[in-house]
Amino acid sequence: MIDIVVGYLSRSGPITIGVLGLLSLYLLIAVWTFVYRYLALSRWLSRENESLEQLHMGSATVLSRSVLKSCLKKSLTSNEKLLQMCAHASTKEATKGLTILSLIASTSPFVGLFGTVVSILEAFAGLGVQKSATLSIVAPAISEALVATAAGIFVAIFAYTFHLLLRRRAYELTTTIEMQIDLLLANRADRK
């Protein structure tokens with residue numbers, strides 16, 4: 001396997017190697033962003049679910065580990081506007097990392113296509129100096145050129161999947177925070 005990769009890279013031009021290097025970097029950034037954000041969101045969601053459960057059990061306020069606790073400290077009562085501001089700030093924090101995944105998912109196929117086009121141009125330039133070009137000479141050059149497109153699509157699939165998974169996790173988190181706000185406001189209305 002390593003011999004195949006080394007052989008491919010030795011036949012490739014500098015632009016193709018650069019494209020594959022960039023796509024490798026894209027993949028590393030996408031994986032790192034996903035793992036880091038998914039773990040952070042999971043911990044945060046767990047805390048907010050505990051707080052929501054406490055509110056369902058009859059607690060008058062959220063747990064101290066809830067993001068809403070800092071908003072409640074600023075006001076002696078459950079101010080609806082303040083709680084909504086806190087929910088918006090939480091949504092902003094929860095969706096961090098989605099932009100980079102979206103950019104990687106949308107640009108990596110084009111980066112791969114650029115590498116393929118350059119490789120095909122290099123292959124045809126090389127064929128131009130030969131006296132005869134048969135299918136046995138053209139086919140390997142074209143198939144090697146398509147590796148960059150395949151790599152771009154490969155990276156895009158993972159980046160887009162990671163984007164959707166994180167978006168869903170952020171939605172679950174913001175919904176849990178909104179449910180806590182609704183319960184706090186409902187409890188306040190019942191006490192009046």
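Since we're looking at a predicted model, the values are computed, not measured. All heavy atoms count here, side chains included; hydrogens, waters and symmetry mates do not.
A search for side-chain contact (heavy atoms from CB on, under 4.5 Å) contacts involving Y171 returns R168, T175, not counting sequence neighbours.
The same ILVMFWY cluster, assembled from side-chain heavy atoms under 4.5 Å apart, contains both Y26 and V35. Taken together through direct or relayed side-chain contacts under 4.5 Å among Ile, Leu, Val, Met, Phe, Trp and Tyr, L39 and V31 form part of one hydrophobic cluster. With hydrophobic clusters built from ILVMFWY side chains whose heavy atoms lie under 4.5 angstrom apart, L25 shares a cluster with V155. Note on I100 and L22: same hydrophobic cluster, where clusters join Ile, Leu, Val, Met, Phe, Trp and Tyr whose side-chain heavy atoms are under 4.5 Å apart, directly or indirectly. One hydrophobic cluster, built from ILVMFWY side chains closer than 4.5 Å, cannot hold both L113 and L20; they sit in different ones.
Side-chain atoms of E48 come within 3.5 Å of backbone atoms of V67 as a donor-acceptor pair (strictly under, hydrogens ignored). Counting only distance, with no hydrogens or angles, the side chain of T95 and the backbone of K92 share a donor-acceptor pair below 3.5 Å. A donor-acceptor pair is defined here as one N or O able to donate and one able to accept, closer than 3.5 Å; such a pair exists between the side chain of S108 and the backbone of G152. Looking at T149, its side chain never comes within 3.5 Å of a backbone N or O of T116 through a donor-acceptor pair. Of the possible donor and acceptor atoms, none in the side chain of S102 sits under 3.5 Å from a partner among the backbone N and O of L98. The backbone N or O of L63 lies less than 3.5 Å from no partner atom in the side chain of S66, so there is not a single donor-acceptor pair.
Ring orientation note: the planes of F158 and F162 are tilted relative to one another, at an angle of 30° to 60°.
Closest approach of T107 and L103 over heavy atoms only: OG1-O, 2.7 Å. The two residues L173 and A94 have their closest heavy-atom pair at CD2-CB, 3.8 Å. The two residues S90 and I177 make their nearest non-hydrogen contact at CB-CD1, 3.6 Å. Nearest approach of A159 to I104, heavy atoms of both residues: CB-CG2, 3.6 Å. Taking each heavy atom of V19 and A148 in turn, the nearest pair found is CG1-CB, 4.4 Å.
Remark: the S42 side chain and the R169 side chain contain an N/O donor-acceptor pair separated by less than 3.5 Å. Side-chain contact check for T174 and T91: no donor-acceptor pair (N or O, by modelled atom type) lies under 3.5 Å.
Within the structure, every pair that satisfies the salt bridge (Lys or Arg N to Asp or Glu O under 4.0 Å) test and touches residues 54-65, not counting sequence neighbours, is listed here: E50-R65. Counting only residues at least two apart or in different chains, ring-ring contact (aromatic ring centres under 6.0 Å, His included) contacts with residues 37-59 comprise F34-Y38.
Atom OG1 of T33 sits about 8.5 Å away from atom CG of L166, to the nearest 0.5 Å. Note: F114 CZ to L23 CG = 11.5 Å, rounded to the nearest 0.5 Å. In this structure, L83 CG and D182 CG are separated by 10.0 Å, a value rounded to the nearest 0.5 Å. Of the inter-residue distances, the one linking T16 atom OG1 with I120 atom CD1 reads 10.0 Å to the nearest 0.5 angstrom. One distance of note links CG of L68 with CD of E178; it measures 9.0 Å at 0.5 Å rounding. Here I15 contributes atom CD1 and E122 contributes atom CD; the two are 6.5 Å apart, rounded to the nearest 0.5 Å.
Heavy atoms from other residues, nucleotides or ligands lying under 6.0 Å from CD of Q84 number more than 12. Residue R167 places its CZ atom among 12 or fewer non-hydrogen atoms of other residues, nucleotides or ligands, all under 6.0 Å distant.
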ask   = Should L165 and Y160 be marked as a side-chain contact (heavy atoms from CB on, under 4.5 Å) after you check the CA-CA gap, both sets of side-chain angles, and the distance that decides it?
value = CA-CA 9 Å; L165 290 170; Y160 186 67; over 6 Å; no

request  = Start with the C-alpha distance between L183 and Q180, add both sets of side-chain angles, then the distance that settles side-chain contact (heavy atoms from CB on, under 4.5 Å), and finish with yes or no.
outcome  = CA-CA 5 Å; L183 274 173; Q180 288 181 79; 5.8 Å; no

